[in-house]
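FYI, the numbering just counts along the sequence from 1. Keep in mind that this is a model prediction, so the values were computed, not measured.
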Amino acid sequence: MTVRRGTNLDRVGGFNDAVVLDAIRRSGQLSRVELAEATGLSGQAISNIARRLLDAGLVREAGRLRGAGLGKPRTLLELEPTGQYAVGVHLDPSVVTVVLLDLTGEVVARRPVEQDADDPGVLIDGIAKTIEAVIADSGALRDRVTGVGIAAPGPIDVERGVVVDPPNLSAWHLVPLRDELRERTGLPILLDKDVTAAASAEKWAGQGGSFLFFYLGTGVGAGLVIGDELVRGSSSNVGEIGHVIVDPDGPVCYCGRRGCVGESSQPSYLVQQAMAAGVLAQGIDIEDRPAVDAAFARLCALAADGPGVAREIIVALAGRIAKVVEDIANLLDLERVVFGGPHWEHLAPVLCDAVRDALDGRFLVRAVHRFEVVGTALGTDVGAIGAATLVLDQTFSPNPSLLLQSSSVVAGER
């Protein structure tokens with residue numbers, strides 16, 4: 001991953017502080033000399049920034065490193081985990097989770113939200129109470145909690161902080177989630193899409209480059225990172241892939257068309273297939289979400305046990321998903337696809353290898369570079385973790401607009 005370069009112009013301290021923090025985060029530990037080399041900043045600038053960051057409690061000294069020569073040992077700097085915290089909330093019809101991350105991005109506390117997602121007001125109350133409980137569980141100082149990130153299903157209106165009309169949350173029509181939660185917690189709130197948050201989590205975990213995060217939850221979606229940068233689209237609603245047609249004989253989607261990948265990837269549809277094939281007992285109520293989730297877990301366990309009809313159902317799902325992955329990967333020249341989301345844990349034993357097999361020989365630039373098919377290492381909390389990293393990004397990510405503004409100020413004074 002590329003370390004951003006700083007500037008030695010005056011009046012860009014905020015930008016340069018973020019450059020230095022980001023360099024330390026990516027490397028773990030760096031001396032002042034190494035920071036100057038990595039960022040392009042002068043030794044004096046690095047000394048000033050290091051002093052500010054130490055005084056603010058964002059970094060700490062981590063011992064000394066003796067070089068090859070006889071010079072003075074170099075003092076290493078690393079992030080101070082307790083310097084800042086960020087809360088992440090993942091809102092999905094099947095699971096709502098709250099996590100607290102420290103400044104290094106480590107999860108220090110987590111809790112599920114027990115309230116039903118079908119009632120916005122009740123759920124927002126539950127989220128607010130769970131946020132306070134998670135902060136208390138961690139022992140973190142509340143004034144060091146820099147904000148709350150929410151990963152929500154789209155479409156969303158980022159400017160207004162509103163969840164518009166998620167297809168699987170029928171009661172969530174123009175819900176002002178950001179403002180409602182800010183009123184209840186008193187904390188700054190950031191709202192973004194679940195797939196964007198998940199991609200951010202992978203990026204923070206060191207998975208840079210250009211990749212697709214394929215989200216498997218109550219609905220499917222695609223988070224994108226290209227050239228180490230999150231892609232959001234013109235309205236921050238990138239990744240709506242649920243209506244890509246992958247099976248003309250598949251189920252009828254709520255959009256009125258047949259065979260959309262979102263509908264044909266849902267546990268309810270897979271459970272119906274399994275009941276029709278005799279793999280699962282008849283009589284499962286498709287409208288009963290807990291019953292469907294339990295049946296889906298059973299289907300995936302049977303598929304993982306070995307060859308049979310259950311595995312054929314999951315392999316067929318992998319083939320449908322591979323069609324979407326192939327098109328996106330070829331269009332954007334991606335390096336890998338990462339699978340994750342609430343349903344990934346059950347699908348993982350079969351789906352990853354099955355998608356890899358389905359894509360074998362079909363990726364157009366395979367002669368130039370490999371295309372990896374992997375599952376997230378962050379578990380089912382990837383959406384919540386990603387939401388919190390989006391908050392931490394405001395601390396670590398240099399803002400190029402600040403550099404441009406500051407450069408023009410300096411230029412105007414000459």
Side-chain angles (χ1 to χ4, degrees), residues 1-86 101-106 140-141 143-147 188 190 200 203-206 208-209 225 227-230 388-414:
M1 299 174 72
T2 304
V3 174
R4 289 186 183 266
R5 305 288 283 183
T7 173
N8 292 297
L9 292 171
D10 294 333
R11 300 192 181 187
V12 288
F15 179 88
N16 286 338
D17 288 3
V19 167
V20 170
L21 272 174
D22 193 49
I24 295 172
R25 181 184 76 82
R26 291 168 186 257
S27 298
Q29 295 179 338
L30 287 175
S31 69
R32 289 168 176 80
V33 171
E34 292 167 326
L35 280 168
E37 294 172 351
T39 64
L41 293 165
S42 68
Q44 184 60 52
I46 289 293
S47 293
N48 293 337
I49 292 168
R51 184 165 55 251
R52 285 199 298 270
L53 297 178
L54 285 164
D55 290 345
L58 297 178
V59 300
R60 65 188 181 190
E61 294 184 343
R64 295 179 179 271
L65 175 67
R66 185 174 294 279
L70 300 177
K72 182 181 178 181
R74 299 173 180 176
T75 301
L76 295 171
L77 298 175
E78 66 181 9
L79 296 180
E80 170 53 67
T82 64
Q84 279 187 2
Y85 297 89
L101 267 57
D102 65 21
L103 191 59
T104 68
E106 290 295 314
L141 296 176
D143 62 4
R144 293 191 181 180
V145 178
T146 189
L190 179 155
S200 175
K203 178 171 168 280
W204 258 72
V225 172
D228 288 345
E229 297 292 337
L230 280 171
T389 65
L390 291 171
V391 175
L392 291 178
D393 263 342
Q394 297 182 347
T395 297
F396 286 104
S397 295
N399 184 353
S401 65
L402 176 61
L403 174 59
L404 293 173
Q405 292 164 8
S406 301
S407 299
S408 63
V409 168
V410 174
E413 291 176 346
R414 288 178 178 169

Calculate, to the nearest 0.5 Å, the distance between atoms CD1 and CG belonging to I49 and L58 respectively.
12.5 Å
Can you name the residues that form a salt bridge (charged side-chain N to carboxylate O under 4.0 Å, His left out) with E34, not counting sequence neighbours?
none
Side-chain heavy-atom pair Y85, L141 within 4.5 angstrom cut-off
no
Who passes salt bridge (charged side-chain N to carboxylate O under 4.0 Å, His left out) against R144, sequence neighbours left out?
none
Scanning both residues in full, the closest heavy-atom pair of P73 with R64 reads O-NH1, 3.6 Å
Look at the side chain of S42 and the backbone N and O of A45, then say whether any donor-acceptor pair between them is shorter than 3.5 Å.
yes
Which atom pair, heavy atoms only, marks the closest approach of A388 to A86?
O-CB, 3.6 Å
Which of V33, T39, N16 passes side-chain contact (heavy atoms from CB on, under 4.5 Å) with I46? Answer is T39
Distance (rounded to the nearest 0.5 Å) between R51 CZ and D55 CG
7.5 Å
Measuring from L21:CG to L392:CG, what's the distance to the nearest 0.5 Å?
11.0 Å
Run the side chain to side chain contact (heavy atoms under 4.5 Å, CB included) test against P188 and tell me which residues pass, sequence neighbours left out.
none
Test salt bridge (charged side-chain N to carboxylate O under 4.0 Å, His left out) on R26 and D22; report intermediate values, then the result.
CA-CA 6 Å; R26 291 168 186 257; D22 193 49; 2.7 Å; yes
Contact between L79 and F396 at the side-chain level, heavy atoms closer than 4.5 Å - yes or no?
yes
Taking the side chain as every heavy atom from C-beta outward, state whether R52 and S47 have any atom pair closer than 4.5 Å.
no
Atom pair CG/NZ of L390 and K203 - distance to nearest 0.5 Å:
9.0 Å
Shortest non-hydrogen separation from L35 to A23 and the atoms involved
CD2-CB, 3.9 Å
I need the single residue from T395, D102, T104 that forms a side-chain hydrogen bond (donor to acceptor under 3.5 Å, both in side chains) with Q84. Which is it?
T395
Do L77 and R32 have side-chain heavy atoms sitting under 4.5 Å apart?
yes
Test item: E61 and L76 side chains (from C-beta on) under 4.5 Å apart, heavy atoms
no
Testing the 3.5 Å rule here: is there a donor-acceptor pair between the side chains of T82 and E80?
yes
Heavy-atom side-chain proximity of R60 to E78 below 4.5 angstrom
yes
